[in-house]
Amino acid sequence: MSKKDILSRLFQMLIVLVGISFLTFLLTYISPGDPVRNMYLANGMMPDEQQVAITREEMGLNDPFLEQYGRWALNCLRGDFGKSYSLNKPVVDLLAARLLPTLKLALFSMAIMLVVSIPLGILSAVYKDKPIDYIVRGLTFFGVSIPNFWAGLLLILLFCVQLKLLPVVSSSGTFKDLILPAVTLALSMSAKYTRQVRAAVLDELNSDYVIGAKARGVAGWRILWLNVLPNSMLPLITLFGLSIGSLLGGTSVVEVIFSYPGLGNLAVSAITSYDYNLIQGYVLWISVIYMAVNLIVDISYKFIDPRVRLRTDSVRR
Amino acid sequence: MKKKNFFLRYPVFTIFAVLALMIILAAVFAPVICGDSDPTKGSITEAIMEPSAEHIFGTDKMGRDIFTRVIYGARTSLTATFILVGIIFVLGTVLGIISGYFGGIIDAVIMRIADMMISFPGLVLAIAVAGILGASIPNAVIAISVVSWPKYARLARSMVLRIRHADFVEAAVVTGSKTPYILFRYMLPNVLPIMAITAATDIGGMMMELAALSFLGFGAVPPSPEWGQMLNDGRNFIQSAPWMTIFPGLAIFVTVVVFNMLGDSLRDILDPKDKAR
Amino acid sequence: MALLTINDLDISYNNTLTVSGFSLSLGQGEICSIVGESGSGKTTVIRAVLGLLPVGGKVTAGSITYDGRELTSLDKKQWHELRGRDISMIFQDSGAMMNPTRTVGATFVEYIRAHEKIPKKDAWSKAAEMLTKMRLPDAGRIMKEYPFRLSGGMRQRVGIAMGMTYQPKLLLADEPTSALDATTQAQIVREMGELRDEYGTSIIMVTHDLGVASYISDRIVVMRNGRIEESGDRDTILHRTENEYTKMLLDAVPTLGGERFV
């Protein structure tokens with residue numbers, strides 16, 4: 001990936017960000033709730049009309065839409081996402097405090113997912129249409145069909161209520177907190193990735209170079225372990241990157257079930273209490289992180305795969 | 001070779017089509033199945049009762065019969081899911097065809113918006129949209145539609161582009177066929193089969209996303225029966241009344257399995273290339 | 001005694017007979033071409049000789065005897081020893097038959113070390129030596145290149161260099177020149193002829209192009225729809241054939257390297 005490509009990607013990211021920020025701002029602008037009233041309600045006050053009118057003016061809510069948006073966007077650029085109405089703290093501080101727990105959760109569930117899906121996917125591909133393949137495919141089918149909020153509740157029922165091995169609420173701050181939420185997240189992801197790994201390995205097994213290596217008398221295990229498997233992992237790197245990003249935004253359900261103190265939980269409570277600054281800040285943060293991760297994955301992929309790295313300047317004669 | 005009956009030739013499809021039909025019928029005939037049991041009313045004296053002969057799935061905190069609520073819940077879930085998939089299907093296909101056929105500035109605008117939606121984790125936006133618009137099933141449907149149409153639009157566009165400059169299309173243009181005629185006569189039929197397969201395989205997933213929004217409190221509002229929202233109710237009673245969690249979840253799971261299998265087997269029938277792999 | 005004898009071979013692909021009643025006898029140092037249109041089953045035949053039929057393909061009747069051994073009943077280990085050592089194969093695009101994410105050198109060394117327990121360094125210099133023999137300039141640089149970065153002609157020479165590393169008794173060539181331009185085609189075909197002269201290698205070449213076949217073959221087999229249409233020595237097929245189909249193929253022959261050999 002040349003410098004020019006990276007710059008153009010960064011430029012695209014900027015446009016997407018402007019679009020996303022505009023959209024979230026528009027959403028909160030047209031939403032049925034009144035932010036001022038909600039702000040007072042969140043702090044347990046019942047304001048009279050006059051108070052509301054004064055605060056509206058103070059917060060600039062009577063200005064034209066574009067002016068409000070512009071002011072807000074400029075502040076965001078300076079790193080000031082405003083103050084959370086419901087929690088009475090700067091949005092940046094709130095988000096920063098929750099980022100690490102969610103990151104831990106996401107990475108741990110990714111690790112579980114990799115450990116499960118790579119071996120299963122490989123087995124299933126190598127023994128295609130054999131009993132083991134059917135078993136794996138059956139498991140993945142169940143995995144993609146089970147809603148993760150139900151799976152999470154069932155896990156609580158089993159490990160916390162019946163076996164009493166783990167706490168029901170995951171906010172003790174210890175490693176135990178991570179186990180069930182991560183397993184729940186990993187469950188459906190593993191199913192999806194096992195399918196992807198299987199498809200990728202099958203794709204490689206069918207490539208011409210496998211025939212070539214066989215014709216040269218290279219041993220089967222060498223073809224599989226040193227050629228087919230490394231190659232089939234290449235396209236998966238992009239997918240893994242995408243999932244880290246979408247995991248950061250997709251943990252809400254699981255965080256709520258396990259009362260896990262992460263970003264997703266914060267976002268849900270922000271939405272329930274119409275805490276607009278917090279919602280907007282959250283959406284923007286997640287999109288920046290998501291796009292940054294994708295960019296990094298794309299760039300690194302281009303260094304790993306020689307076909308992509310060297311495509312532009314081939315030496316033909 | 002004698003042509004066998006369609007349903008006998010594809011037993012997997014047939015089985016799951018029958019099961020899907022049974023679920024739909026259960027939703028339609030919910031009042032018949034549940035008799036005079038009301039999904040929204042219960043008596044406090046009967047609150048939180050274990051499954052028994054009288055209440056085979058038990059009762060919830062309001063004393064409502066969970067079996068009745070699960071059956072009536074199928075109405076909410078199925079209707080909302082079918083409407084959602086319908087909206088995404090129509091919206092995505094139309095925008096994709098327009099984008100691919102006309103190209104230029106229209107294409108650029110539609111596709112940049114689609115790119116924006118895709119370069120962003122969908123659930124975050126769906127939660128934000130549903131939450132800000134206010135909790136209700138229609139709003140949840142709108143929220144998921146907003147983030148899901150780009151996938152369909154891109155698919156439809158790519159298929160239109162493949163035949164856009166085919167001889168038979170160019171011939172139609174040259175001989176003066178009207179644009180709407182070309183769109184309906186050539187573009188739509190070409191795009192429709194794959195789009196329909198995609199929609200069919202997406203039903204289960206969409207149902208889960210809707211239930212997830214309800215579970216978080218951004219979809220169905222109590223006391224109307226909806227599976228995701230029932231799970232949210234049951235969550236607080238998981239230690240004392242696990243049946244409140246088990247049965248609504250089972251209902252989602254079974255329905256999703258049935259529609260996923262139906263979608264997959266339909267794809268295998270219509271698109272045998274994929275099966276041979 | 002013949003080096004390779006194929007007797008009344010039937011090959012099915014997903015239970016459909018695709019090649020039937022194929023017979024061929026090849027002596028040492030002989031070059032035989034199997035000519036036919038695509039779908040005639042010619043590639044299937046040489047794939048069967050090396051036990052490399054695609055998934056779903058199966059030898060259902062007949063025998064393939066190489067050097068006194070029956071090939072259709074070899075086990076995995078025996079195949080590994082035979083393939084790439086006694087019998088080599090080159091393909092239409094030898095570059096595509098190498099792992100695209102590894103360098104030519106890495107693939108070559110992997111191949112050598114599959115047959116000889118020698119250190120990597122020795123395998124590397126042996127590979128470079130083979131490339132030089134195939135008149136590839138700057139072998140060291142080619143070894144460090146990825147296959148997709150080489151030109152079609154260079155890739156074919158690399159493929160042949162690999163195939164000839166152990167001076168196999170039998171070389172199977174599957175459309176070795178059809179992906180090349182006319183000039184390179186002529187060079188590659190000539191070089192294959194020289195291999196036979198130098199090492200006494202027997203060659204079976206599969207091609208759709210009677211022109212290429214006529215250039216170096218001692219014998220030509222014409223295939224059509226999975227069966228042998230006609231077979232005989234080069235001159236009989238080229239100049240005295242009575243067969244309508246062969247005549248049709250002859251009329252379609254393009255020129256090779258600017259000259260017409262037929």
Side-chain angles (χ1 to χ4, degrees), chain A residues 12-13 15-17 19-20 23-24 27-28 30-33 128 141-142 144-154 156-157 160-162 168 188 199 202-203 206 242 245-253 256-257 264 267-268 270-272 274 276 279-280 282-283 286-287 289-291 294, chain B residues 112-113 115-135 139 143 146 204-205 207-218 227-228 231-232 234-235 238-240 242-246 248-261 264 277:
Chain A
Q12 278 174 25
M13 273 174 65
I15 292 176
V16 171
L17 264 180
I20 297 273
L23 197 71
T24 39
L27 263 176
T28 50
I30 60 166
S31 83
K128 183 174 182 280
F141 184 79
F142 270 80
V144 296
S145 302
I146 193 165
N148 62 2
F149 42 94
W150 190 50
L153 292 173
L154 290 184
I156 291 182
L157 201 56
C160 311
V161 179
Q162 298 291 325
V168 175
S188 56
L202 279 181
D203 238 28
N206 289 329
L242 282 173
S246 53
L247 252 187
L248 288 176
T251 51
S252 298
V253 174
V256 167
I257 295 173
V268 170
I271 291 168
T272 343
Y274 292 97
Y276 295 136
I279 299 170
Q280 288 162 343
Y282 166 76
V283 172
I286 291 288
S287 29
I289 296 173
Y290 182 75
M291 286 187 291
N294 283 358
Chain B
R112 285 302 81 73
I113 296 176
D115 284 350
M116 201 175 92
M117 292 298 187
I118 284 172
S119 61
F120 188 85
L123 190 68
V124 173
L125 201 58
I127 289 177
V129 173
I132 289 169
L133 292 180
N139 285 347
V146 167
M207 188 174 284
M208 286 203 284
E209 286 197 23
L210 271 174
L213 281 189
S214 286
F215 176 78
L216 289 175
F218 303 132
W227 295 333
L231 275 176
N232 191 16
R235 184 157 72 89
I238 191 148
Q239 309 200 35
S240 53
W243 57 89
M244 282 175 68
T245 305
I246 291 173
L250 201 61
I252 303 176
F253 178 59
V254 168
T255 313
V256 170
V257 165
V258 168
F259 279 98
N260 276 351
M261 280 303 288
D264 285 0
R277 271 178 54 123

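None of the values given here were measured: they were computed from a predicted structure. These values consider heavy atoms only, across backbone and side chains, with no hydrogens, waters or symmetry-generated copies. Just so it is clear: chains get the letters A, B, ... in the order the sequence lines come, proteins before strands, and each one is counted from 1.
For I279(A), the part sitting under 4.5 Å from any heavy atom of chain B is the side chain, from C-beta outward, and nothing else. Interface remark: F142(A) contributes backbone and side-chain atoms alike to the contact with chain B (heavy atom separation under 4.5 Å). There is no contact between L17(A) and chain B, counting heavy-atom distances below 4.5 Å. Proximity to chain A (any heavy atom under 4.5 Å) is shown, for M207(B), by neither the backbone nor the side chain. V254(B) does not touch chain A: none of its heavy atoms, backbone or side chain, sits under 4.5 Å away. For L213(B), no part lies near chain A; criterion is any non-hydrogen pair under 4.5 Å.
Most heavy-atom pairs under 4.5 Å with chain A: of the set I238(B), I252(B), L133(B), this distinction falls to I238(B). Counting heavy-atom pairs under 4.5 Å between each of I127(B), N232(B), I113(B) and chain A puts I127(B) at the top. By number of non-hydrogen pairs under 4.5 angstrom with chain B, the leading residue of G19(A), G152(A), G264(A), A267(A) is G19(A). For the options A211(B), G205(B), G217(B), G204(B), heavy-atom pairs under 4.5 Å to chain A are most numerous at A211(B).
In this structure, I156(A) and T245(B) have side chains that are not in contact, with every pair of non-hydrogen atoms separated by 4.5 Å or more.
With N139(B) contributing its side chain and A135(B) its backbone, the two residues share no donor-acceptor pair below 3.5 Å.
A donor-acceptor contact under 3.5 angstrom links the side chains of S145(A) and N260(B), judged on distance only.
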Q: Might you work through the side-chain contact (heavy atoms from CB on, under 4.5 Å) test for V253(A) and I257(A), ending with a clear yes or no?
A: CA-CA 6 Å; V253(A) 174; I257(A) 295 173; 4.1 Å; yes
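In this structure, F215(B) and F149(A) have parallel ring planes: the angle between them is below the 30° cut-off, well short of the 60° mark.
Of all non-hydrogen atoms in L231(B) and P248(B), the two that sit nearest each other are CG-CB, 4.3 Å.
Residues passing the side-chain contact (heavy atoms from CB on, under 4.5 Å) test with V268(A), sequence neighbours excluded: S252(A), V256(A), T272(A), L216(B), F218(B).
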